[in-house]
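First comes the structure, then the notes that go with it.
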Amino acid sequence: MTISGFNMGGDLDDCTRETDKTKFLASAKKLAAQRNVSERTIMLWCYNRADSPESLDRIKTWIQEEDETGKGLMSLPEYEMAE
């Protein structure tokens, strides 16, 4: 890991090269906490930095699998109308 706030590109590249989903998600979670963004944002940034078709497909599949769980997605707020 690089110094938080200095070289995020290197951290994202390391995360992008990960071939194990569990390790990828752990790295994304750690980077998200360091950068104060959502895990899904980190996954999308990794997807944008992918340098091979294999890594693009792998990360896209992982993002779709996480989207199906709905864990990283924000639900719509529920408002009550004042009478």
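Here the structure is a predicted model, which means the values were calculated and not measured.
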Tell me whether Asp51 is salt-bridged to Arg17, with the criterion being a basic N under 4.0 Å from an acidic carboxylate O. no
Are Leu44 and Leu56 in one and the same hydrophobic cluster, where Ile, Leu, Val, Met, Phe, Trp and Tyr link if side-chain heavy atoms are under 4.5 Å apart? yes
Residues at least two apart in sequence or cross-chain that pass side chain to side chain contact (heavy atoms under 4.5 Å, CB included) with Ser52, listed by chain then number, are Glu54, Ser55
Please tell me if the side chains of Asp67 and Arg40 come closer than 4.5 Å, counting only heavy atoms from C-beta onward. yes
Under a 4.5 Å cut-off applied to non-hydrogen side-chain atoms, are Glu66 and Met43 in contact? yes
Hey, does Leu31 have a side-chain heavy atom less than 4.5 Å from the side chain of Cys15? yes
How far does SG of Cys46 sit from CG of Asp13, to the nearest 0.5 angstrom? 8.5 Å
All N/O donor-acceptor pairs, side-chain side in residues 57-65, below 3.5 Å, sequence neighbours left out:
from  : atom 1 : to    : atom 2 : distance (Å)
Arg58 : NE     : Glu18 : O      : 3.2
Arg58 : NH2    : Thr16 : O      : 3.2
Thr61 : OG1    : Asp57 : O      : 2.8
Glu65 : OE1    : Lys21 : NZ     : 2.6

Nearest 0.5 Å, what's the CD1-CG distance between Ile42 and Leu12? 5.5 Å
